[in-house]
Amino acid sequence: MLQIQDIAKHEGQTVTLNGWVESKRTGGKVAFVTLRDGSGFVECIFSLDTVGEETLENAKRLTQESSVQITGKVVLNEKQEFGTEIHATGIHVFQLAAEYPISRKEHGVDFLMNNRHLWLRSRRQWAVLRIRNRVKFAIHQFFQENGFVQTDAPLLTGNACEGTTTLFETEYYEKDVAYLSQSGQLYAEAIAMALGKVYTFGPTFRAERSSTPRHLSEFWMIEPEMAFYDLEMDMELIEAFVKYIVNAVYADCKTELNILERDTTLFENINKPFPRVTYSDAVKIIQGKMNWNGRNAIDTLRTQLAKVEADLQAKNAEIAETEDLLTKGGVSKGQANYYQSKIDRLKGEARKLEDKSKEIPEWIDASLNFPDGEDFGSPQEKALTSLFDTPVMVYKWPRAIKAFYMKRYEDDPEFVKGVDLLAPEGFGEIVGGSERETDLQTLVDAINHHNLPMEAFEWYLDLRRFGSVPHAGFGLGFERVVMWLTGVSHIRETIPFPRYYGRLFP
RNA sequence: GCCUCCUUAGCUCAGUCGGUUAGAGCAACGGACUGUUAAUCCGUGUGUCCUAGGUUCAAGUCCUAGAGGGGGCGCCA
């Protein structure tokens, strides 16, 4: 079966395509039907001269999302969005679709989420899911090409392993409680001691009641774990890995990025070295006490604020101007409609800018007054990453705010060998990694210090009893990466059927 | 969990100081036109104004409580 993505190779030939009607425009003697088949989009032209009256009438009657088979000749045409079109000669209708709820006009988020099963057919969602696929493939390519073995950690576990987040609970037969896994890392460490370099890639569950555009209750995580790696090697791997993914998407997803109107500056900058900053320096940068390449984080936020305020003024001026045009009279009905929808749109945009103009001062405040020693919150990540046009690595973190298994610096034991990779332009954390503690007693002390149940970690401690070696790894949030690369404003768009606080259907 | 904004037609929204019959666009349907790509033209319909109380001669509009949702923060990947 021929797919739309391959039709250019069949120029001049008559082909048969199966798909759905994305949109339709009709004239007296002509009908334009945009067909989508999942692989791409193509406009099919039915003109009276070639198809005759009956077929033209059938084409004119098509409704949005009707399922059809269209036969016609492939013609190259530069004026077309994707360079080709079909001069139709015949049509078979599988089903004339009922009135379709999603139009080309804008819809609210809640409505779209309730219709997620249909929303997936929209162009932007199509583009996002194709990029998701490319990222997933790139991850496997990178690791498989670099001597890693893909492996799996259990999804059901008997204890809340790191003891930090809230987990989903379920009955495990009659007697026990099982928890849905929040991380496969500790298991990956055990497997790495068997197979050397491994990575897991599976779903993860967190029962946090987070209501933000960056959180899901069910998401996918990639967790490599490497025997005989130290922090330095870990950071090199993270950098090479992220570059590989970003380059793959840029090389193979031009159409998708175009549909998403993704600014490609990020992709053009990705091969520059990622800056490495210690936590302590990052704190100074966030507080505005230290510059990076002559740029100041607080000043950058203030510049952003000034821009938002200027944009807001311009937006309001445009609204007033358009309202003037509308009330002046002498406008045709079509023009009036246009002005009215423009005003509605501008008002929505102005409201968002207004919110933003109130938020940025709060971020500036939270950064200026950030206490050294605490973990970064979202305002701090925004302040820091707004200085960079590539991802930035923050390493050497205070022991108190990081997980118990991270290895301490021998010469500075209040700090641990952890690293976070923060995506630029205010996006924030996409990778968290570390060199793991190898010493049995240090680990036992850390478990006690965190009040974790020792018996649950006995198997983990065995890894330090039998051939303990330096090792390191990291975790990458899959949907976070897809969100970052596609530029969608909410993580719920990066997975076909998202699960998050307040959403379990469809 | 906290702060904040919102809820009016299938969808996106307007609705002024509380005032009598609640509006527009889109979508749908009928027609005209068109190598068209969310700005062509004419015509046709649509309401539990989120819910429950309250104030008032009068509530979509004001007050209280509740429900649902957006954005920000926290928690995190």
Side-chain angles (χ1 to χ4, degrees), chain A residues 22-34 41 43 45-47 63-64 75 77 79-82 85 87 98-115 162 164-166 182-183 185 204-217 219-223 323 326 331-345 347-348 351-352 354-356 358-360 362-363 365-366 375-382 403 420-423 427-433 474-484 489-491 501-503:
Chain A
E22 193 199 31
S23 63
K24 176 196 70 174
R25 284 161 291 280
T26 59
K29 296 172 181 169
V30 66
F32 303 95
V33 174
T34 305
F41 306 86
E43 190 171 71
I45 295 110
F46 293 80
S47 57
T63 52
Q64 194 183 355
V75 177
N77 181 353
K79 279 170 72 183
Q80 284 291 354
E81 212 178 344
F82 302 105
E85 61 186 29
H87 290 190
E99 189 178 336
Y100 192 64
I102 300 176
S103 69
R104 295 199 78 170
K105 250 220 153 183
E106 281 182 48
H107 295 283
V109 180
D110 197 42
F111 175 78
L112 289 171
M113 278 312 309
N114 286 334
N115 289 284
E162 289 172 37
T164 48
T165 53
T166 323
Q182 60 146 343
S183 163
Q185 183 205 309
T204 284
F205 307 89
R206 306 264 168 101
E208 298 152 352
R209 293 172 190 234
S210 307
S211 173
T212 86
R214 302 161 44 76
H215 285 84
L216 291 169
S217 302
F219 63 98
W220 288 66
M221 193 152 65
I222 299 93
E223 293 183 290
E323 276 172 342
L326 191 59
V331 288
S332 75
K333 199 175 167 192
Q335 263 176 325
N337 291 348
Y338 173 62
Y339 287 147
Q340 192 54 56
S341 68
K342 187 175 171 186
I343 290 169
D344 287 351
R345 198 192 68 233
K347 277 186 179 170
R351 199 177 301 168
K352 276 181 196 158
E354 209 165 322
D355 285 349
K356 198 119 223 155
K358 286 174 194 153
E359 287 155 10
I360 296 177
E362 287 170 20
W363 299 343
D365 200 51
D375 205 356
F376 297 159
S378 157
Q380 290 79 36
E381 289 188 353
K382 282 182 186 112
D420 282 2
L421 185 75
L422 307 180
F427 187 85
E429 183 174 353
I430 50 175
V431 170
F474 62 89
L476 173 121
F478 181 56
E479 282 79 12
R480 287 254 174 109
V481 171
V482 177
M483 182 184 172
W484 171 48
S489 59
H490 201 296
I491 198 165
Y501 184 56
R503 170 72 56 185

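Values below: all heavy atoms of this structure, side chains included; hydrogens, waters and symmetry mates excluded. Quantities reported herein were computed from a predicted structural model and do not represent experimental measurements. Note on naming: letters A, B, ... go to the chains in the order of the sequence lines (proteins, then strands), and numbering restarts at 1 for each one.
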Using whole Å, what does the distance between atom [atom2] of nucleotide [N] and atom [atom1] of [X] come to?
X        : N      : atom1 : atom2 : answer
A:Glu362 : B:rU4  : CD    : C1'   : 9 Å
A:Lys358 : B:rG71 : NZ    : P     : 16 Å
A:Phe41  : B:rU37 : CZ    : P     : 18 Å
A:Ile102 : B:rU12 : CD1   : C1'   : 14 Å
A:Arg25  : B:rA27 : CZ    : P     : 12 Å
A:Asp110 : B:rG10 : CG    : P     : 16 Å
A:Glu354 : B:rC6  : CD    : P     : 11 Å
A:Asp365 : B:rG74 : CG    : P     : 13 Å

For the base of B:rC73, is there a side-chain donor-acceptor partner from A:Ser378 under 3.5 Å away?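 Looking at the base of B:rC73, it does not pair with any donor or acceptor on the side chain of A:Ser378 (distance under 3.5 Å).
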Quiz question: going by heavy-atom distance under 3.5 Å, is there a donor-acceptor pair between the base of B:rU37 and the side chain of A:Glu85?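 Under the 3.5 Å cut-off, the side chain and the base do not form any donor-acceptor pair.
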Of all the heavy-atom pairs spanning A:Gln182 and A:Arg206, show the shortest one and how long it is.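 Closest approach of A:Gln182 to A:Arg206, heavy atoms only: O-NH2, 2.6 Å.
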Looking only at heavy atoms, what is the nearest atom pair of A:Lys356 and A:Trp363, with distance?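 Smallest interatomic distance, heavy atoms only, reads CE-CH2, 3.9 Å.
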So, the side chain of A:Arg214 versus the backbone of A:Phe427: is there a donor-acceptor pair under 3.5 Å, distance only?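 A pair under 3.5 Å: yes.
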For A:Thr34, report the nucleic acid contact type (base, sugar-phosphate, nothing); a contact means any heavy atom under 4.0 Å.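 No contact.
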Distance, C1' atom - from B:rG60 to B:rU16, rounded to whole angstrom: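 Their C1' atoms lie roughly 13 Å apart.
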